[in-house]
Amino acid sequence: MDTYEKIIGLAKRRGFLWNSFELYGGTAGFYDYGPLGATMKRRIENIWRDIYVIGEGFYEIETPTIGIEPVFVASGHVHGFSDPMIVCSGCDSAFRADHLIEGIVEIPDTLSAPEIKQLIDKHDIKCPQCGEVGMFGDVFDFNLMFKTTIGPGTQRMGYLRPETAQGMFINFDRLFRFYREKLPFGVTQIGKAYRNEISPRQGVIRLREFTQAEAEIFINPRDKSHPRFSTVKNTVIRFYPASHQQNASEGNSGDGDKGIIELTVGDAVDRGIVAHEFLAYHLVMTNLFLTRAGIDPARLRFRQHQPDEMAHYAVDCWDAEVLTDRFGWVEVVGIADRTDYDLSSHAKHSQHDLSAVLEYDTPKQVEQIVVKPDMSLIGPLYKDKAGKVLAALKNLEEDDLSGDKISITVDGEEILIPHDVVEYETVIKEVRGENVVPHVIEPSFGIDRTIYAVLEHSFAEELVDKETRNVLRLPPEVAPVQVAVLPLLTREELINPAAEIVEMLRKSGIFVSYDDTGTIGRRYRRNDEIGTPFSVTIDYDTLDDGTVTIRDRDSMAQVRVQIGELAERINAMMRSGFDSP
RNA sequence: GCGGCUGUAGUUUAGUGGUAUGACAUGAGCUUCCCAAGCUUAUAACCCGGGUUCGAAUCCCGGCAGCCGCACCA
């Protein structure tokens, strides 16, 4: 039994993760979070909020999980998120159609489905599976987005969002105003995203419905330094730069620490390994989040995308990857500088300006030509074209005015304008700033994968008195149950004070479970297995002197404390660990 | 989506053409018992549909799901 099976088995047995729809046989790619899983997930999301929303001041927003078609046309998902597939009728195997003609055309992914089919027929491409020629059906697009329709009647097309990001991009202008029109600013969203994977196989690693936590940080494209970089520059991170990777596919091999270098992020920026401070700062934030959530730092690395692996518009992209027993290195976070791609694309498709004014420190004095056409002459001269002539004249640069006549182009036709219908003068104008489309830094977190990795990294099997003890060493902040209250025996004289202690701890905001079944040892083990960091035991001494024991999950050590200080001690231990006597 | 394998309580497992074995787990109770091992007791299963048959959980067919391989993988 490998670790994955142990973790999924434990998660299923104890109520972390369940296959969805199991009552009706189940469907791959969907998981339910059970009572412990949902609690743990919420705690991990709250750590994320603590870092990004509270720590960085990136407000959280919430946008619909269904998007209308134009949004995903602009984002590129309608065209780019689908793969051309083709099925061989000889052996019923399905292939990526564009992959079949890779050797024939340079960039197959720019071709339409019929074009690809034509090429396949023309070049007598063989089926890679059965070797038959001419058995291929038509090329069809398989889009990874779930499609739906909005409203009755006209059936407007909608898609379940494949990422939470677009909801933030398309609110850019409102957000910019909310942040009083200053760069940089960030916004976050935690929510569900959907991808209709062809064949999800790896449990919670590849889901059809999953939770993303994303931040979009809009920055000045001319200045990618980070105002607080000095506070993080000495943080050491495990880098796996592109230049250390043999090829892009190597990323998944569980090949230990090969090629990983440990560096401070300050050095990494100085040496040009990370493109700029802003990106490096967010590598640190990601590192912070993952380790605080319970990822083992020794099984975490930041892998840089190869140039050919990165989206064409991106400047630099790093994946936080965690080492798992069965799947090797798994991407849990992607951190990219997406430049102005998203905003520019939405600006173009929506025909709305999505730029920001960057104010200069001091206004610049700029010489400008002001063209003053004499419409009383131009009007009669050009009649119905006069309007367009006017617009063209206003856009002229100084150089265009030097010839005998002024040349402009209207509707593709060159028109020569005599000088005497246009007056122009040079004026000094004060320019306070300029319009730029902000660049976007996007850290994108896969919460479900993170949860799996935290479970795997915190899981340990130990031999205690020749018995195996399963223990999840979850950080107290992440553990679903924080304290278990356990009367030593199921006797009224112990149960009653135990109930009072439960009540008291709950009032101080601690999540408590109560358990009085079976032997005490069994209950400790049960709580070890779900990661409960502390157990409080009520015994006969409690009745004599008003003390209880706090038992530490990791060391199994115990300390006696007065009931009166119990809540305070527990709270302190949740912050800074068990303090032994 | 294709091929192979698989499908018995929550988990694991025995078994057979006559409705099923054990273990662990779980519930109730006992127990002055601090690290899953005690005592009593209880609950709980043959993936779904069709066929063959007097009778199917068992044989046959189909479906569904899971695992593995192929393909796919922002």
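In the text below, chain A, chain B and the rest are named by the order of the sequence lines, each starting its count at 1. Note that these values count all heavy atoms, side chains included, but never hydrogens, waters or copies made by symmetry.
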**Report entry** Under 3.5 Å: donor-acceptor pair, side chain of A:Glu442, backbone of A:Glu216
**Finding:**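 No, because the side chain of A:Glu442 does not come within donor-acceptor range (under 3.5 Å) of the backbone of A:Glu216.
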Rounded to the nearest Å, what distance is computed from the [atom1] atom of residue [X] to the [atom2] atom of nucleotide [N]?
X: A:Glu467; N: B:C34; atom1: CD; atom2: P; answer: 17 Å
X: A:Asn19; N: B:A65; atom1: CG; atom2: C1'; answer: 9 Å
X: A:Glu5; N: B:U6; atom1: CD; atom2: C1'; answer: 14 Å
X: A:Phe30; N: B:A65; atom1: CZ; atom2: P; answer: 12 Å
X: A:Glu493; N: B:C30; atom1: CD; atom2: P; answer: 11 Å
X: A:Glu492; N: B:C30; atom1: CD; atom2: P; answer: 10 Å

Query - By side-chain contact (heavy atoms from CB on, under 4.5 Å) - contacts of A:Asn196 (at least two apart) - result: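 Partners of A:Asn196 by the side-chain contact (heavy atoms from CB on, under 4.5 Å) criterion, ordered by chain and then number, come out as A:Phe146, A:Arg208.
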Identified pairing partner of [N], criterion: Watson-Crick or G-U wobble below 3.5 Å:
N: B:C24; value: B:G10
N: B:G29; value: B:C39
N: B:A45; value: none
N: B:C72; value: none
N: B:G66; value: B:C5
N: B:C54; value: B:G18

Contact class for [X] (heavy atom, under 4.0 Å): base, sugar-phosphate, or nothing?
X: A:Ser444; value: nothing
X: A:Leu488; value: base
X: A:Thr468; value: base
X: A:Arg551; value: base
X: A:Glu331; value: base
X: A:Ala28; value: sugar-phosphate
X: A:Arg326; value: sugar-phosphate

**Report entry** Lys NZ or Arg CZ of A:Lys41 over A:Tyr33 ring: under 6.0 Å, within 45°
**Finding:**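 So A:Lys41 does make the cation-pi contact.
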Query raised in the report: Quick one: what's the B/S/- string for nucleotides 9-14 of chain B, heavy-atom cutoff under 4.0 Å, read 5' to 3'?
Result: ------
Requested in this report: Answer yes or no: does a side-chain N or O of A:Thr519 lie under 4.0 Å from OP1 or OP2 of B:A37?
Outcome: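 So the side-chain polar atoms of A:Thr519 do come within 4.0 Å of the phosphate oxygens OP1 or OP2 of B:A37, strictly under.
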Query raised in the report: With respect to the phosphate group of B:A37, does any side-chain polar atom (N or O) of A:Arg522 fall under 4.0 Å of OP1 or OP2?
Result: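 Yes.
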Do the ring centers of [X] and [Y] come within less than 6.0 Å of each other?
X: A:Phe289; Y: A:Tyr52; answer: no
X: A:Phe21; Y: A:Phe30; answer: yes
X: A:Trp18; Y: A:Tyr31; answer: no

Query - Any side-chain donor near an acceptor of the partner, A:Ser535 and A:Asn527, under 3.5 Å - result: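 Looking only at side-chain atoms, A:Asn527 and A:Ser535 do not form any donor-acceptor pair under 3.5 Å.
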Requested in this report: Of all the heavy-atom pairs spanning A:Pro487 and A:Asp515, show the shortest one and how long it is.
Outcome: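 Looking at all heavy atoms of both residues, the closest pair is CD-O, 3.5 Å.
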